[in-house]
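Chain naming here is simple, since letters A, B, ... match the order of the sequence lines and numbering starts at 1 in each. The figures here come from the full heavy-atom set of this structure, side chains too, leaving out hydrogens, waters and symmetry mates.
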Amino acid sequence: MTANDANSIRVRFAPSPTGYLHIGGARTVLFNWLVARRASGTFVLRIEDTDRTRHIEDSVQKICDDLRWLGLDWDEGPEVGGDVGPYFQSERLAIYNEHLQRLLESGDAYYAFETPAELDAMREAAKTAKSNISYARPDPLPTVEEGVAAKAAGTKVVVRFKMPGTDITVVDDILGEVTLAADQLEDFIIQKGDGFPTYHFACVADDALMKITHVLRGQEHLMNTPKHVAMQRALGFDTPHYAHMPVIFNMDGSKMSKRDKEKAIKRGEAPPEIDVHDFRLAGYLPEAVLNFIALLGWSPGEDRERFALDEMTSLFSIERVGKTNAKFDRDKLVAFNTDWATRASSERLLAAFKDYLSVNESSLCGADDAALARALKASEGFRTFPDVVKKTGFLFKADDAIAYDAKAVKKVLAKNDGAGYAMLEHLLPKLEALPDFSADAIEALLAATCEEREAKLGQVAQPIRVAITGSTVSPSIHESLEWLGKGATLARIGRCLAHRG
RNA sequence: GCCCCCAUCGUCUAGUGGCCUAGGAUACCGGCUUUUCAUGCCGGCGACAGGGGUUCGAGUCCCCUUGGGGGUGCCA
């Protein structure tokens, strides 16, 4: 069976280009992608750019980049094309108009002339009247001719879909049957005053025309579905399988919104990661992000929870997607990342680390692969990539660029009448005299020093650490010194001593 | 207001009438390992929202209440 068989599964992810890919959107893509790959079906990427006021430049590029970073590819869509394109809704206006005409001719849609202000007033009135429906269908309905004439005269007109007046039941693969009463369903706009279709209409037309068989989307779309089903019936389209997934929230129960970042900055806090790109910048592994978000609303059972994309693909099924909204627990994500980083091959880790440095325009970008790989190795057990930089960054700096952390200096060097400084003074000539500046030789020297001074290793190692890194964090002291080299080690200790007082 | 969806440890979840004195993960607490920061290992704390039914038996089925979420746009 090939992906083009008439009965094969086709799914889609249809973002609107309003910025980076949101982490919740990533979960939606993932589940769709999993359904497609599991069934050897087709995954379509479609851009819903029908709202010109919200369009943000470069969004499509960014979304594509984020998907690539996650390792989720698409079979049809931007950059790759396909047989049922175009895949940008803004390029499909002629197609929408054709189907809109059918609706107009069959009487399932009609022109409407209310202005936005008038509609606002109607909504207000409905509110005070405690009515379910705010839009009163005109009686008699405007004729097509009246609509065309009004348009020709330059009046902004919209087209509304005429709901059938019956209850509508949606069959959802996650939620089961959901019925909405006729008196809850009012006529809605399918073509805006600017001639663009609304989401409802474009989505229904495209899903049908692109032969989408399964629609997996967020639960916020559940109430839209009866409208979509009604249009499908009027248009003679098949209704695809629907599956509405639970929503992802912040730990405090609020929505995960891009605005959270600005709010946090205003409060002087670090901005939280919200978009996929944020997690990339923050030094997470896409494997960990994917693994973590897969578990938000889905579980394969049997207490299994660590798996890569290929394992997820064979484990996934819509039947096992839950109904309960989830909260995004960053602590657990960090734990997953730590685990994935520990288990990743050195090649994989190096590639991911270089990507991290690159997107952050880090000064370590210029370092060679061997040095970076060594930094990774020396940082084993790190949680996210910033930890690696924090731990090994001193190796990539000039000797005189080391800044001393005041707390570290006080605690390790200045305390006890400058015991740390004294230790450095004691150590400096010994290190200088060391013919072989290897980790083993350094270890032997430090061990001997401990014995002769009746000191613990920490009392010897910590002053050195602060002298060469400016902080109390580095890889093992032996490894650090060997790597730094004799010249830089002596220079830094000398400089540290000179800074005293 | 009206409509719809949901409800197991702080969090993510397993559980599809007896295997549940409710399992795992993460967080938290304690201990061990350790030259720093991490990691790792061991142990502990910790939940079926409440109330009615149904049944020999309910976390699992039904109803009500409460709580959370969503919809009610010329946004998607």
Side chain to side chain, Ser16(A) and Arg54(A), heavy atoms closer than 4.5 Å: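 Yes. Closest side-chain heavy atoms under 4.5 Å.
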A side-chain contact here means heavy atoms from C-beta on lying under 4.5 Å apart; do Thr472(A) and Arg465(A) qualify?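 When only atoms from C-beta onward are counted, Arg465(A) and Thr472(A) do not touch, as no gap falls below 4.5 Å.
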Lys430(A)/Glu452(A) ion pair, N-O < 4.0 Å: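 Counted as a salt bridge, because a side-chain N and a carboxylate O are separated by less than 4.0 Å.
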Pair Glu305(A) + Lys332(A), salt bridge at N-O below 4.0 Å: yes
Kindly give the atom pairs (protein nitrogen or oxygen, nucleotide nitrogen or oxygen) under 3.5 Å for nucleotides 45-50 of chain B.
none

Assign [X] to base, sugar-phosphate, or nothing according to its heavy-atom contacts below 4.0 angstrom with the strands shown.
X	answer
Gly218(A)	nothing
Val247(A)	nothing
Lys227(A)	nothing
Ser471(A)	nothing
Ser474(A)	base
Glu305(A)	base
His221(A)	base
Asp183(A)	nothing
Phe249(A)	sugar-phosphate
Lys327(A)	sugar-phosphate
Pro246(A)	nothing
Gln459(A)	nothing

Option passing ring pair (Phe, Tyr, Trp, His ring centres under 6.0 Å) with His99(A) (candidates Phe161(A), Phe237(A), Phe201(A)):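 That would be Phe237(A).
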[X] side-chain N/O to [N] phosphate OP1/OP2 under 4.0 Å:
X	N	answer
Arg306(A)	U26(B)	yes
Lys192(A)	A76(B)	yes
Arg383(A)	U39(B)	yes
Ser299(A)	C12(B)	no

Taking the six-membered ring of Phe13(A) as reference, does the NZ or CZ atom of Arg46(A) fall below 6.0 Å from its centre and within a 45° cone about the axis?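 No, a cation-pi geometry is absent between Arg46(A) and Phe13(A).
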Kindly confirm or rule out a cation-pi arrangement of Lys327(A) over Phe249(A), judged by NZ or CZ under 6.0 Å from the six-membered ring centre and within 45° of its axis?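 Judged by the rule, Lys327(A) and Phe249(A) form no cation-pi pair.
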Does [N] have a Watson-Crick or wobble partner in any strand here, with both distances under 3.5 angstrom, and which is it?
N	answer
U72(B)	G1(B)
G67(B)	C6(B)
U39(B)	none
A25(B)	U11(B)

From the options [options], select the nucleotide whose nearest atom is closest to the side chain of [X].
X	options	answer
Gln462(A)	A38(B), U35(B), G10(B)	U35(B)
Ala326(A)	C3(B), C12(B), A76(B)	C12(B)
Leu175(A)	U36(B), U39(B), C6(B)	C6(B)
Thr472(A)	U36(B), C2(B), C12(B)	U36(B)
Asp51(A)	C4(B), A76(B), U72(B)	A76(B)
Ser476(A)	U11(B), G73(B), U35(B)	U35(B)
Lys332(A)	C74(B), C4(B), G24(B)	G24(B)
Asp303(A)	U72(B), G24(B), C12(B)	G24(B)

Residue whose nearest RNA chain B nucleotide is more 5′ - Arg123(A) or Leu295(A):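 The residue closer to the strand's 5' end, by nearest nucleotide, is Leu295(A).
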Please compare Glu380(A) and Ala335(A) by the position of their nearest nucleotide in RNA chain B and report the one closer to 5'.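 Of the two residues, Ala335(A) wins.
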Regarding G1(B), can its base be found pairing with the side chain of Asn132(A) as donor and acceptor, where the two atoms are less than 3.5 Å apart? no
Using atom [atom1] of [X] as one end and atom [atom2] of [N] as the other, report the distance to the nearest whole Å.
X	N	atom1	atom2	answer
Tyr135(A)	C2(B)	OH	P	26 Å
Asn250(A)	G10(B)	CG	P	19 Å
Leu180(A)	C2(B)	CG	P	15 Å
Ile174(A)	A7(B)	CD1	P	13 Å
Tyr199(A)	G71(B)	OH	C1'	13 Å
Leu119(A)	C75(B)	CG	P	11 Å
Asp252(A)	G10(B)	CG	P	17 Å
Gln219(A)	C5(B)	CD	C1'	5 Å

Residues in salt bridge (charged side-chain N to carboxylate O under 4.0 Å, His left out) with Glu114(A), at least two apart? none
Which residues pass the salt bridge (charged side-chain N to carboxylate O under 4.0 Å, His left out) test with Arg374(A), sequence neighbours left out? Glu479(A), Glu482(A)
To the nearest 0.5 Å, atom CG of Leu21(A) lies from atom CG of Leu70(A) at 7.0 Å
Considering only heavy atoms, which members of residues 316-325 of chain A lie under 4.0 Å from some atom of RNA chain B? Arg320(A), Lys323(A), Thr324(A), Asn325(A)
Rounding to an integer number of angstrom, what distance separates G59(B) and U21(B) when you compare their P atoms? 9 Å
Could you tell me how far U66(B) sits from U55(B) if I compare only their P atoms? Round to whole Å.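 Result for the P pair: 28 Å, nearest Å.
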Test side-chain contact (heavy atoms from CB on, under 4.5 Å) applied to Arg12(A) and Asn32(A), Leu45(A), Val215(A), the passing residue: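 So, applying the side-chain contact (heavy atoms from CB on, under 4.5 Å) to Arg12(A) and each of Asn32(A), Leu45(A), Val215(A), only Val215(A) qualifies.
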Applying side-chain hydrogen bond (donor to acceptor under 3.5 Å, both in side chains), which residue pairs with at least one partner in residues 386-395 of chain A are found, sequence neighbours left out?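 Passing the test, one end in residues 386-395 of chain A: no pairs.
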Identified side-chain hydrogen bond (donor to acceptor under 3.5 Å, both in side chains) counterpart of Asp187(A) within the set Arg137(A), Arg160(A), Lys227(A): Arg137(A)
What residues form a side chain to side chain donor-acceptor pair (under 3.5 Å) with Thr53(A), not counting sequence neighbours? Asp51(A)
